Structures are given as C-alpha cells and as structure tokens.
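Contents: one structure, followed by commentary.
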Amino acid sequence: MQRFPLSADRFGEILQAPLGFAIGMIVGTAWYFSIPFEPDVRVVWGLTIAVFAGGWLGLKWQAPRGVMYAWILVCGLVFGVAAGSAATLRAQHATVEKAMGPVLVEGWVTDAQPSRTGVRLVLDIHAIDGLNASETPNTVRLTHILSLNTEPGRFVRCWAVLRPPPQPVIAGDYDFARQAWFSGLGAVGYVQGRCRGGALGAPRTWTRQADLQVAKWRRRLAQHVRAAAGDRAGGFAAALASGDRSFMPQSDQEALRAAGLAHLLAISGLHMGIVGGLVFLFVWRGLALVEPIALRVSVKKPAAMTALIACAVYLIISGASVSTQRAFIMSAVLFGAVLFDRTALSLRSLSIAMIAILVLAPWSVLTPGFQMSFAATGALIATYEGWQNLQRKRGLVRRKGVSFWLKSLVVTSTVSSFATMPFAMYHFDRVAGLGIFANLFAMPIISMVSAPLAALALLLAPLGGDSLALRLFGLSLEGVLKIAHVFAGFGEARWLTLPAMPPAALGWFAAAIAIYVTDLRALPKAVSVMLICILAGVTWHLSAKARIHFAPSGELFLEHASGAVDRIELRNGPGLPPLRFIDAPISQVCEIGTPCILQSEWVTIVYADNTIVEEGLQVTSPIGTVKTRIPWSDVIQENGVTLERRRDGFVKRDKPACGHRPWRACAED
C-alpha cells in the first residue's frame with residue numbers, strides 16, 4: 001500500500017505539507033485567542049481526535065490528493081485550537097482581583113528594565129500582606145520611581161499599590177492582560193517610596209533558585225560588558241549581550257525606534273543567528289585545519305552541536321523571553337538539519353520551527369514579534385531560493401565577492417522591511433519611513449564588525465583577555481547609535497502616520513506574504529501578490545473612520561480618519577490611557593472648574609466637571625443633529641468608551657465582555 005509522503009508532498013508542487021500544517025495552526029491559534037468566549041475543552045479535543053482519525057482513514061483508503069491537502073490544513077487548524085486551549089489550562093495562576101494598597105510586598109527581583117516613569121521591577125513573590133497563599137500571585141511587576149538601590153537576585157520589601165493587569169481600554173488595543181496571563185504575571189502596580197533589601201534567603205524550590213541565579217549572572221554580565229564597552233555605548237552593548245536594557249539611556253532607545261532599528265534591542269533571531277553562526281563557523285573552520293579529524297569526521301556536525309550548545313547558553317543568560325525562545329527553536333531546527341544531513345535553511349525548517357513555537361507558546365501568534373520574524377524569514381528564504389533557481393537556469397556560478405555581498409545586503413534589508421511593514425502598521429499604526437536606509441547603513445557594522453568582536457570577546461573571556469575586544473565592540477556600537485540619531489533627527493518625516501488597520505486588511509496582507517513564500521511560479525506569484533495587496537489596501541481605505549476615545553485616565557483622544565491623533569487632558573482619572581496612543585503628545589489641557597469646548601471639522605465636544613453642570617461629555621456632529629452625552633461614570637465603569645463616526649452621527653463600539661476568557665476577568669469594586 002502506498003503511503004502519503006507528508007514530508008515531501010507539495011500542494012500541486014506549490015505548498016509543502018509541513019508548511020500547510022503550520023499555516024493551519026496559525027489560523028487556528030489566532031482564531032482561538034481572538035474569539036470572545038472560551039471553547040469547551042471536551043469539544044475541542046473531541047474534534048481534534050475526530051479530524052486526525054479521519055485523516056488516518058483517508059491514508060488507509062488512499063483518498064484523492066486534493067482531499068489530503070484539505071485534511072492537512074484542517075488538521076493544523078484544529079490542532080492550533082487545541083494547543084491554545086491546552087496552554088490556557090497550563091497557565092492557570094492566581095491574580096489580584098481588585099486594586100489594593102499600599103500593601104507590603106516581599107519577593108526576589110528577577111528583572112529590572114527602564115521605563116518612561118522609572119524602573120520596572122519584576123518580583124518573584126514570597127508574600128503579600130493581606131493575601132493567603134492561594135490568593136498570592138507568583139509574579140508581580142512594579143514601577144519604581146525613585147533611585148533604585150537593589151538589583152536582580154536580591155530579596156526586597158516594597159510598599160506598593162497593586163491592581164490586576166490592565167484590560168484593553170479601547171477596541172483593538174494591545175491586550176496586555178492576555179500577555180500577562182500567559183507570562184504568569186498576577187499583578188502590576190507602583191512602589192510608594194523605595195524598595196528595601198531584606199535578609200531572607202533563596203526560595204525553597206530549585207526552579208525558583210535557578211531563575212534567581214540566572215538573573216544574577218545576567219546582571220553581572222551586563223555590568224561587565226557595560227564597564228568594558230565604554231560610557232557612550234556601554235548600555236547598548238549590555239542590552240545586546242544580556243538583554244538587560246536598564247543601563248541604556250531612554251534617548252538612545254527612542255532613537256533606535258524612530259530610525260527603524262528597534263529590532264536590535266530584542267534578543268531574537270538576529271542575535272541568536274550571530275552567536276550560533278559565528279561559533280559554528282569558528283569550530284567548523286578550526287576542525288577543518290586538523291587533518292586527522294577532517295579526514296575521518298564530518299566536521300560540520302561537531303560544529304553544529306557546539307553552536308547549538310552556545311545558543312542554549314545564550315538563551316538562558318539572556319533571560320529566555322518569548323522572542324529569544326522563538327529564535328532558539330529556529331536555531332535548533334537549523335543546526336539539527338545539519339546534524340541529520342538536511343537542508344539547513346529551507347521552508348521545511350521554517351515550518352518545523354513555527355509548529356514547535358505554536359505548541360510551546362501558542363499565544364505568541366498574535367504578537368508582533370512572532371508575525372514579523374516569521375514573515376521576514378519566510379520572505380527571505382523564498383527570495384534567495386528564487387534567486388538561486390534563476391542563476392541555475394541561466395547557468396551562472398554563484399560568486400561570493402564584494403558585489404554579491406552588497407546585493408545581498410540591499411535585498412535582505414528591502415525584503416525584510418517590506419515583509420514586516422504590514423504588521424508594523426497594524427500593531428503600531430505607523431512605520432519608520434527611513435527604516436530601510438537606516439538598516440542599510442547600520443547592519444553592515446553589526447554583522448561585519450560588532451558580531452565578530454563580540455564573538456572574539458566570548459572566546460577570550462575564559463582567559464581574561466576580553467576587555468580590548470569589548471572596548472572595540474562598544475566603539476562599533478557608537479557608530480550604530482550615531483546612525484540611529486541621524487535618521488531619527490529628520491523631524492516628523494521619520495514616521496508615516498497611518499489610520500488604524502482592520503484585522504481583515506492584515507489578513508489579506510498575510511495571505512499575500514504566504515503566497516509569496518509558497519508559490520514557486522514567478523509570474524503567477526507576482527500577479528497574485530499584487531492583486532491581494534490591492535484588495536488589502538482597498539479594505540483598509542474603506543474601513544478608515546474617525547473615532548473618539550474616552551479613556552479612564554481622564555484623557556480624550558480624537559483619532560482622525562487620516563491616522564493623526566489629538567490628545568486632550570480633561571482630568572486626573574484612576575485608569576490608564578490606550579497603549580496605542582501612549583506616545584501621542586498632549587495637544588490641549590482643560591482647566592478644572594471651567595467648561596472645555598473642543599471643536600474640529602467633524603466633531604464638537606463640550607466637557608464639564610461636576611462643579612459646573614452634570615458631569616460628562618456632550619458630543620455633537622456637524623453633519624447631523626444627533627447628540628451624545630457620555631457620563632464620566634460610564635467611562636470608568638466600562639474602562640473606556642469609543643465612539644465611531646458614521647453618516648448620521650456616532651456609534652458606540654462594543655468591547656469584548658469580561659468574564660468569558662480566563663485573562664479577561666471582571667474588575668471588582
């Protein structure tokens with residue numbers, strides 16, 4: 001009986017079966033985390049078993065190939081839903097149910113990262129005053145405003161105000177509560193005064209002890225690299241080496257974001273690829289020089305194993321964030337392919353990496369890191385495979401000279417920028433307009449100078465001779481920072497502000513990238529991608545509407561159809577502003593005790609607090625006679641109110657109801 005060859009079959013010689021399964025998983029997990037209700041676990045796993053059983057029967061009875069192609073996609077889809085459901089069950093943990101404090105919080109510092117208002121401390125909790133063991137969250141994140149006199153690995157006591165992880169304030173905003181749920185974060189808040197060191201020893205469990213020890217090593221590595229790399233770029237060097245950004249000035253971080261170089265700050269595929277790639281290259285070439293070994297052993301395999309071990313060490317030292325785990329899995333697949341004599345960088349390797357990540361961390365499918373990294377990697381693999389096929393057809397011999405290197409640099413920067421652009425526009429409503437050019441100038445320094453110097457420092461560290469290499473490493477990063485500040489200094493032209501992209505448009509853009517990656521035919525691929533991108537653009541354009549957002553922080557946001565945002569401060573509210581508009585400058589401040597009239601070409605808003613008239617906001621549209629009054633109590637109770645402009649006035653947008661997903665609990669009074 002002929003078996004269906006899953007590993008080699010293609011969808012009409014267009015789509016590999018593992019990639020089809022991975023695409024199905026992406027769709028399934030995205031659906032699971034987007035729906036407003038929690039599916040019944042029994043239904044999910046029953047359907048999964050039934051689908052896989054049906055596929056087994058199809059294999060046994062030799063079903064038509066078209067049916068098997070559809071089965072692969074459906075299997076991936078239901079398995080993605082099942083993976084999401086299983087991850088939700090695994091992530092069950094205690095969370096703070098309502099705002100409380102100030103209360104005494106005791107725990108061990110596992111991370112300290114800078115923020116706009118201070119330092120964000122992540123504490124592995126020992127006890128919280130007023131909560132029993134079953135009610136105490138495992139992890140809490142606190143903002144420390146005053147000068148910090150502690151560091152990761154230390155036990156501290158803090159008087160803090162705690163609240164549940166915040167829910168989205170407006171529809172479509174970043175769901176921090178969902179990310180916090182799967183990260184084990186049970187509360188957020190701020191410190192009143194200063195955290196003080198304590199005398200309590202290490203935690204009882206060995207896993208928590210190991211986490212604290214890693215945090216100490218990570219901090220020591222960051223301090224060592226910062227001191228050796230120099231004052232100007234020491235913080236940047238520490239961030240690249242350990243993922244610890246606490247030594248990096250906020251101005252440098254903002255410049256990297258504005259220049260489109262923020263991807264350098266996240267320990268991801270770039271850093272893991274540099275570490276693993278350089279270790280692989282050094283060991284491979286070094287063993288090739290030893291004749292007895294080179295003649296008897298395939299030196300690529302011990303080099304791949306050594307590189308894999310180096311990547312695992314880097315994963316642990318850098319903090320093992322979700323993006324770092326994703327990069328490690330991709331590196332493990334790549335070097336594993338070398339060990340088993342497979343093509344190291346191919347769509348099949350990419351598919352295996354996606355499947356592994358979606359099994360381990362399925363919630364990451366909705367994060368920009370997952371979407372942008374795999375879109376860029378897939379597009380680059382497809383581009384270079386097409387380039388090689390074209391050279392083979394023309395009978396050209398691939399030459400690795402300066403010309404090829406320059407072409408590769410331009411192609412890599414351009415393709416990755418265009419592949420990630422739709423996701424940047426969806427998640428951040430803007431894109432660095434000069435990011436392609438900034439990467440063209442910065443990435444040669446990173447790949448040709450900074451990376452070899454970092455690898456040299458790693459090799460010399462056991463001998464105590466890494467100081468000079470780290471100093472040169474810091475000098476190279478000073479050049480990268482200069483490039484970032486130059487491109488960030490072009491004023492408002494550095495950003496392309498865009499209207500909010502609807503999920504449907506993002507889906508079309510994702511489909512275009514999927515076709516670009518999987519279709520092997522050049523002309524049909526180009527036509528299909530172009531038509532789908534046009535359809536995505538039309539969907540985006542037709543969905544662009546002006547909106548009014550009333551935030552529980554006491555701020556009003558006017559979102560114009562063009563994407564521009566006006567931020568008006570009305571009062572001091574108890575909530576938070578939308579994360580999407582956290583960087584928007586304040587354009588107007590209303591004085592307390594006097595009516596405030598806000599007028600534009602499409603709306604007039606009158607706000608008054610309770611010292612003048614009935615407290616609230618009255619919205620009038622110039623294009624109609626419909627008036628809307630929003631009491632301030634509604635804004636607080638509903639955690640934000642959004643009005644969307646329509647022809648005959650405004651329509652209130654509903655947000656997902658609380659209580660229907662584990663990470664979307666209803667707030668208690």
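Keep in mind the model is a prediction, meaning the values are calculated, not measured. One-based numbering along the sequence shown. Excluded from the calculations below are hydrogen atoms, water molecules and symmetry mates; all remaining heavy atoms, backbone and side chain alike, are included.
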Please confirm whether the backbone N or O of [Y] pairs with a side-chain atom of [X], one donor and one acceptor, at under 3.5 Å?
X: Arg178; Y: Trp663; result: no
X: Asp175; Y: Pro168; result: no
X: His93; Y: Trp181; result: yes
X: Ser476; Y: Val449; result: no
X: Ser413; Y: Val410; result: no
X: Asp124; Y: Thr110; result: no
X: Ser417; Y: Thr414; result: no
X: Thr367; Y: Ser364; result: yes
X: His144; Y: Cys195; result: yes

(request) Start with the C-alpha distance between Val411 and Thr383, add both sets of side-chain angles, then the distance that settles side chain to side chain contact (heavy atoms under 4.5 Å, CB included), and finish with yes or no. (result) CA-CA 9 Å; Val411 169; Thr383 299; 3.8 Å; yes
Say you draw a straight line from [atom1] of [X] to [atom2] of [Y]; how long is it, rounded to the nearest 0.5 Å?
X: Ile483; Y: Glu478; atom1: CD1; atom2: CD; result: 12.5 Å
X: Arg245; Y: Arg120; atom1: CZ; atom2: CZ; result: 10.5 Å
X: Leu453; Y: Leu472; atom1: CG; atom2: CG; result: 5.5 Å
X: Lys301; Y: Ser298; atom1: NZ; atom2: OG; result: 5.5 Å
X: Leu142; Y: Leu123; atom1: CG; atom2: CG; result: 5.0 Å
X: Leu281; Y: Trp284; atom1: CG; atom2: CH2; result: 7.0 Å

(message) Assess, by modelled atom type and distance only, whether the side chains of Arg219 and Ser242 contain a donor and an acceptor separated by less than 3.5 Å.
(response) no
Identify the heavy atoms of [X] and [Y] that sit nearest to each other, and give their distance.
X: Ile329; Y: Ala356; answer: CG2-CB, 3.7 Å
X: Phe473; Y: Ala454; answer: CE1-CB, 4.1 Å
X: Met25; Y: Val359; answer: CE-CG2, 4.2 Å
X: Asp244; Y: Gln113; answer: CA-NE2, 3.6 Å
X: Ile582; Y: Pro577; answer: CD1-CG, 3.5 Å
X: Pro422; Y: Met501; answer: O-CE, 3.6 Å

(message) side chain to side chain contact (heavy atoms under 4.5 Å, CB included) for Gln179 and Trp363? Distances and angles first, verdict last.
(response) CA-CA 8 Å; Gln179 191 68 21; Trp363 63 89; 3.9 Å; yes
May I ask you to test the [X]-[Y] pair for a side-chain heavy-atom distance under 4.5 Å?
X: Phe236; Y: Asp252; result: no
X: Thr306; Y: Phe280; result: no
X: Thr412; Y: Leu380; result: yes
X: Ile446; Y: Leu477; result: yes
X: Val188; Y: Pro166; result: yes
X: Ile26; Y: Met354; result: yes
X: Leu470; Y: His224; result: yes
X: Thr143; Y: Val119; result: no

(message) side chain to side chain contact (heavy atoms under 4.5 Å, CB included) for Phe423 and Ile513? Distances and angles first, verdict last.
(response) CA-CA 11 Å; Phe423 304 99; Ile513 294 174; 3.6 Å; yes
(request) Measure from the ring center of Phe441 to the ring center of Phe437 and say whether it is less than 6.0 Å. (result) no
(request) Answer yes if the ring centres of Phe182 and Phe33 are under 6.0 angstrom apart, and no otherwise. (result) yes
(message) Counting only heavy atoms not in Met421 (residues, nucleotides, ligands), do more than 12 fall under 6.0 Å from its CE?
(response) yes
(request) Evaluate whether atom CZ of Phe176 has more than 12 neighbouring non-hydrogen atoms of other residues, nucleotides or ligands under 6.0 angstrom away. (result) yes
(message) Before you tell me yes or no, could you show the steps for Val122 and Val109 under side chain to side chain contact (heavy atoms under 4.5 Å, CB included), namely the whole-Å CA-CA distance, both residues' side-chain angles and the distance that decides it to 0.1 Å?
(response) CA-CA 6 Å; Val122 178; Val109 180; over 6 Å; no
(request) Go through the steps for Asp111 and Arg218 under the test salt bridge (Lys or Arg N to Asp or Glu O under 4.0 Å), then give the verdict. (result) CA-CA 9 Å; Asp111 195 16; Arg218 185 184 180 198; 3.7 Å; yes
(request) Check Arg154, Arg157, Arg196 against Glu106 for a salt bridge (charged side-chain N to carboxylate O under 4.0 Å, His left out) and give me the one that passes. (result) Arg157
(message) Please verify the inter-ring angle class for Trp108 with His126; under 30° counts as parallel, over 60° as perpendicular, anything in between as tilted.
(response) perpendicular
